[in-house]
Peer 1: 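This is the structure I have questions about; it appears just below.
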Amino acid sequence: MTTTTAAVTGVHEQHRPVPGIPLGRVVRVELRKMFNTRSGFWLMASLVIVGVLATVGTILFAPDDQLTHNTFAAAIGFPMTIVLPIIAILSITGEWSQRTGLTTFTLVPHRGRVLLAKTVSSVLVGVGAMLVALVVGVVGNVVGTAITGTDLVWDLSAAQFGTIVIGSLLCLLTGTMLGMLLRSSPAALVTYFVMTLVLPTLFGILATNQPDFVDVQPWVDAELARSFLFEGPPQGEQWAQVAVTAVLWLVLPALVGLRAVLRSEVK
Amino acid sequence: MITVENLSKRYGSTVAVDHIDFTAEAGRVTGFLGPNGAGKSTTMRMMVGLTKPTTGTATIAGRRFADLPNPGLDVGVMLDASAQHAGRTGREILTIAAWTTGVPGRRVEEMLDLVSLSPTEADRRVGSYSLGMRQRLGLATALIGNPRVLVLDEPANGLDPAGIRWMRDLLRDFADGGGTVLLSSHLLREVEVIADDIVMIGRGRIVCQGSKADLLRGVGSVARATDTRALRAALHAAGMDTTVSDDGSVATDGEPERIGQVAFAAGVVLTELRHTEGGLEDMFLELTADHQREGKNRERKAA
Ligand SMILES: Nc1ncnc2c1ncn2[C@@H]1O[C@H](COP(=O)(O)OP(=O)(O)OP(=O)(O)O)[C@@H](O)[C@H]1O
Ligand SMILES: [Mg+2]
């Protein structure tokens, strides 16, 4: 090689004294990635569509005396516990299923940071969706009672809304956890529905056949413990049960998943 | 400059990459050549931290990839142009890369221009892109941070001859500006067209490395003389084996200088004397032809 090459090397090969990539930027990028695919866009749109459909359904089918804000909130909130985890799952598994991780993890080589950004952006979407649901519920309540001519009932307290948000976020984070643990969209989706639909049924059967299990159930059945959050603020011991089941079904598997992501090969 | 030292990767009992060392110099295009399954992609994944090496290190101008604060500004990487979300538009993919590296948004348009993707094409979802368009988009993504080093896995794959010419010119300019380019290929012809230096890998081991000119020249020489029989006799007397072709040219494994001396001493008139061609090709074909054959790698380093 010639001296010119060496000279050029000297100039260009010094690393630029650049700052690292701030977490806020990665969060912004991950948020954008949730919206800018066709499937992602419709998933986000479905949050609003489902909310409106649930409101219309409540007006049409709920008995007139139950047209209260609480009813609307429950009707809108339930579909959220299905859509939000799907959003959280796909945000993570897409990097493997769609193989975009090849780019993502070379632009940000610290995978823990990317996962943190994904978790934060999923939670932001979740909180945003709950606020949308609150507004749709208010509109539904006002419009619905106006149509039926019944009294307006505002029976959803701030505390209750707060625990519903916590419950929904626990569902969402369960999606995040499954995404990390399984890194495959179909596997994570199926597991989520097994965890939320099949497992509670099994626990229920166990409780009917084994009377001893009834006392234990709220400490191990995450779905049951979460229902305390959705059905009004939990009381005393119920908070502990929420925490214990969350550690068991969310925190511990998430740690295993985190380890798996950090060690896995991206290809 | 990219430096690879003692790098290896073992998957259970499979050794995908077996203690390799090489450098890709700044100002040059280095072709990483090897048949399918030789370990090229595995090596490149280890360079950028997607795969953990079993032994060894890879550094970019002295730093590990994971230690680069904002790698997109130092190294452009394209490992698989098809690894993109099919439902995202080309422009969105570039925008995400621009946001992540923190470069201004106008870089997106500049890159689209550079790789000749039209605005309409850029707004289409990559699911509908041809392989060539994906390669162009991948290259645009790699270049968006204006890096000094490029790591490209099979970038010419799927390109038509005009596309290959375009890529060669682009990479040539990049290297002439002092950049380092490492590109892999399983096609000798492709590497021959684009690269200055060649690192050839087979079954996880480096088979040979050096400048393309040196490697293509091969070992030994071909000579022609007015008196073929006299030339052969002189070479045999000097202890060299010879092979005569139908056209009367004599092939030996001695270097041209040596043949010239022997002919001169014997008073034989040479009409032609040159290096054997296709040494690299033979070696590459040998590698490709029989994957089972072990221990036949000719270790050779050209200066
Ligand atoms: N996860 C894995 N488990 C087991 N073996 C693997 C794994 N990944 C790669 N290999 C093996 O490692 C070897 C090298 O593969 P690699 O993809 O690096 O080859 P390559 O040179 O890029 O080939 P190609 O030209 O086909 O792209 C192959 O024999 C492959 O089967
Ligand atoms: Mg490969």
Side-chain angles (χ1 to χ4, degrees), chain A residues 1-22 24-43 90 94-111 113-114 117 262-267, chain B residues 1 9 11 25-28 41-42 45 48-52 60-80 82-89 92-93 95-97 99-102 125 127 138 141-142 145 148-149 151 175-180 196 211:
Chain A
M1 249 171 301
T2 59
T3 44
T4 25
T5 312
V8 169
T9 309
V11 175
H12 288 291
E13 289 260 313
Q14 290 163 358
H15 291 285
R16 305 178 198 185
V18 291
I21 304 174
R25 199 197 282 169
V26 191
V27 171
R28 239 163 43 97
V29 168
E30 290 303 331
L31 266 177
R32 182 167 187 139
K33 280 161 73 176
M34 289 178 165
F35 287 88
N36 73 2
T37 65
R38 200 193 295 264
S39 50
F41 174 80
W42 282 110
L43 210 49
L90 294 182
E95 302 288 355
W96 280 268
S97 299
Q98 302 283 340
R99 304 185 56 225
T100 48
L102 247 49
T103 310
T104 308
F105 296 125
T106 44
L107 287 177
V108 185
H110 303 282
R111 298 184 197 172
R113 253 175 114 67
V114 175
L262 295 183
R263 309 174 110 215
S264 78
E265 188 177 29
V266 180
K267 58 197 298 189
Chain B
M1 186 171 84
K9 179 68 187 178
Y11 293 105
E25 305 280 349
R28 298 179 69 85
S41 300
T42 307
R45 279 201 312 276
V48 300
L50 295 180
T51 293
K52 225 200 204 96
I60 315 284
R63 269 212 253 185
R64 280 173 53 235
F65 189 88
D67 295 338
L68 301 173
N70 190 343
L73 299 181
D74 284 311
V75 192
V77 183
M78 179 177 79
L79 293 184
D80 186 344
S82 295
Q84 280 303 346
H85 197 299
R88 210 170 260 145
T89 65
E92 274 302 323
I93 288 170
T95 306
I96 292 169
W99 276 25
T100 313
T101 48
R125 294 175 198 279
T141 315
R148 303 313 307 162
V149 176
V151 175
D176 288 347
T180 308
D196 302 311
S211 77

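Just so you know, these numbers use all the heavy atoms, side chains as well, and skip hydrogens, waters and symmetry mates. Chain letters run A, B, ... following the sequence lines, proteins first, then strands; residues in each count from 1. For clarity, every value in this text was computed on a predicted model and none was experimentally measured.
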Peer 1: Give, as side chain, backbone, both or neither, the part of R28(A) having an atom under 4.5 angstrom from any heavy atom of chain B.
Peer 2: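 When you check distances to chain B, atoms from both the backbone and side chain of R28(A) fall under 4.5 Å.
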Peer 1: Where on V77(B) is there a heavy atom nearer than 4.5 Å to chain A: the side chain, the backbone, both, or neither?
Peer 2: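 The side chain, not the backbone.
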Peer 1: Would you mind checking which part of T103(A) comes under 4.5 Å of any heavy atom in chain B, side chain (CB onward), backbone (N, CA, C, O), both or neither?
Peer 2: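 Just its side chain gets close to chain B.
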Peer 1: Can you confirm whether D74(B) sits close enough to V149(B) that some side-chain heavy atom of one is under 4.5 Å from a side-chain heavy atom of the other?
Peer 2: no
Peer 1: Output the option from V108(A), T100(A), T106(A) having the highest count of non-hydrogen pairs under 4.5 Å with chain B.
Peer 2: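 Top count of heavy-atom pairs under 4.5 Å with chain B: T106(A).
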Peer 1: Give a yes or no answer on whether the side chain of T180(B) reaches the backbone of M1(B) with a donor-acceptor pair at less than 3.5 Å.
Peer 2: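 A pair under 3.5 Å: yes.
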Peer 1: Report which part of P19(A) has an atom under 4.5 Å of a heavy atom belonging to chain B: side chain, backbone, both, or neither.
Peer 2: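 When you check distances to chain B, only backbone atoms of P19(A) fall under 4.5 Å.
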Peer 1: Take K267(A) and T51(B), measure what side chain to side chain contact (heavy atoms under 4.5 Å, CB included) needs, and give me the verdict at the end.
Peer 2: CA-CA 8 Å; K267(A) 58 197 298 189; T51(B) 293; 5.7 Å; no
Peer 1: Please flag which part of T141(B) lies under 4.5 Å from any non-hydrogen atom of chain A: side chain, backbone, both or neither.
Peer 2: side chain
Peer 1: Looking at residues at least two apart in the chain, or sitting in another chain, which of them share a salt bridge (charged side-chain N to carboxylate O under 4.0 Å, His left out) with R99(A)?
Peer 2: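 Once residues adjacent in sequence are excluded, the partners of R99(A) under the salt bridge (charged side-chain N to carboxylate O under 4.0 Å, His left out) criterion are D80(B).
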Peer 1: Is there a donor-acceptor contact under 3.5 Å from the side chain of R25(A) to the main chain of T100(B)?
Peer 2: yes
Peer 1: Find out whether R111(A) and V266(A) are in side-chain contact, i.e. whether some heavy atom of one side chain is under 4.5 Å from a heavy atom of the other.
Peer 2: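 They are in side-chain contact.
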Peer 1: Do E95(A) and K33(A) pass the side chain to side chain contact (heavy atoms under 4.5 Å, CB included) test, and can you show the C-alpha distance, the side-chain angles, and the key distance before you say yes or no?
Peer 2: CA-CA 11 Å; E95(A) 302 288 355; K33(A) 280 161 73 176; 2.7 Å; yes
Peer 1: Relative to chain A, which segment of A97(B) carries a heavy atom at a distance below 4.5 Å: side chain, backbone, both, or neither?
Peer 2: both
Peer 1: Measuring heavy-atom distances to chain B, does T104(A) have an atom under 4.5 Å in its side chain, in its backbone, in both, or in neither?
Peer 2: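 Neither part; nothing is under 4.5 Å.
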Peer 1: Do R32(A) side-chain atoms and T95(B) backbone N/O form a donor-acceptor pair below 3.5 Å?
Peer 2: no
Peer 1: Select one option (side chain, backbone, both, neither) describing which atoms of V26(A) are under 4.5 Å from chain B's heavy atoms.
Peer 2: neither
Peer 1: Under a 4.5 Å cutoff for heavy-atom pairs, which residue among H85(B), E92(B), R125(B) has the most contacts with chain A?
Peer 2: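 Looking at each of H85(B), E92(B), R125(B) in turn, H85(B) comes out on top.
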Peer 1: Quick one: of P71(B), A66(B), G87(B), A83(B), who has the most non-hydrogen atom pairs under 4.5 Å with chain A?
Peer 2: A83(B)
